[in-house]
Amino acid sequence: MGTVFSFDVRGGDPRRVCAAVDAAVEFLRHVDEVFSTYRQGSQISRLAAGTLALSACSPEVWEVHRLCDAARRTTDGWFDAEFAGGFDPTGLVKGWAVERAAAMLRSAGAEAVCVNGGGDVQVHGGPWRIGVTDPLRRGELATLVEADGELAVATSGAAERGAHILDPRTHRPVEPVFASVTVVCRGLTDADVLATAAYARGASAPGWLRGLPATEAFAVRPDGTTWSTPGFGAGHA
């Protein structure tokens, strides 16, 4: 998936937890083999090339396809894995994979779990303090999220990967209203999608984010000022 994953696991039976970490790593490698757009032999690449039908794909592809369709509806089309005519679930699959990996560790009896995939984080238990990178000042943090329970934090922007988020209406890179948008909710599949859609929405994102249930958000503008939903920073369970 072109990024680094890290695990922080506390408590539980060491043998069970270590075996679960190994299984989670293997699962992430499997996800990369199935969904990578850089591997010509992956199922996603073969779908794009027309050499594989969706009906012949693995259950994971069917699940992600369903989640992408739901995400398109939830975001009013601002997240669309098929806007270019093919199927590219890149904007959802990393968050989905990290959320699944964290659940595997929690199910193995770990008391507290943190899985970080390229800066997007899923936690269980705690307490945790999650730093949100400042998009304008390399190596510094823009804010902190405190968590004790099941929580996900995802950030979208152009600071790390450049202008890679496209406007689904124009098929061109987004004209950024925000330098980055961070979304906090229960699961990383949703947080990743919502952060991407909010960054693409631009000026209309704050009103949309305020209306989402059980979701908080924080954004940094290009001039360094910030915006957040009313409940952001009030502590998260």
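Taking each heavy atom of Ala179 and Tyr199 in turn, the nearest pair found is O-CE1, 4.0 Å. Residues Ala147 and Val123 share a closest heavy-atom pair of CB-CG2, 4.0 Å. When all heavy atoms of Ile130 and Val153 are compared, the closest pair comes out as CD1-CG2, 3.8 Å.
Within the 3.5 Å criterion, the main-chain N or O of Thr189 finds a donor-acceptor partner in the side chain of Glu99. Of the possible polar contacts, none joining the Glu216 side chain to the Cys185 backbone as a donor-acceptor pair under 3.5 Å is found. Under the 3.5 Å distance criterion, the side-chain polar atoms of Ser42 are matched with a main-chain donor or acceptor of Ser36. The backbone N or O of Arg39 lies less than 3.5 Å from a partner atom in the side chain of Ser45, making a donor-acceptor pair.
Interatomic distance, Leu136 CG to Asp223 CG, rounded to the nearest 0.5 Å: 8.5 Å. Atom-to-atom distance recorded for Trp78:CH2 and Thr196:OG1 is 13.0 Å, nearest 0.5 angstrom. Residue Arg100 holds its CZ atom at 4.0 Å from CZ of Phe27, rounded to the nearest 0.5 Å.
A tilted orientation is assigned to the rings of Trp227 and Phe178, their planes being inclined by 30° to 60°.
Salt-bridge annotation for Asp69 and Arg72: present, with a side-chain N of the basic residue lying under 4.0 Å from a carboxylate O of the acidic one.
In the hydrophobic cluster analysis, where Ile, Leu, Val, Met, Phe, Trp and Tyr join through side-chain heavy atoms closer than 4.5 angstrom, Leu92 is grouped together with Ile44. Criterion: ILVMFWY side-chain heavy atoms under 4.5 Å apart, direct or through other members. Under it, Val9 and Phe5 are part of a common hydrophobic cluster.
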*Where do Phe7 and Val113 land on the side chain to side chain contact (heavy atoms under 4.5 Å, CB included) test, with the steps shown first?*
CA-CA 7 Å; Phe7 300 81; Val113 174; over 6 Å; no
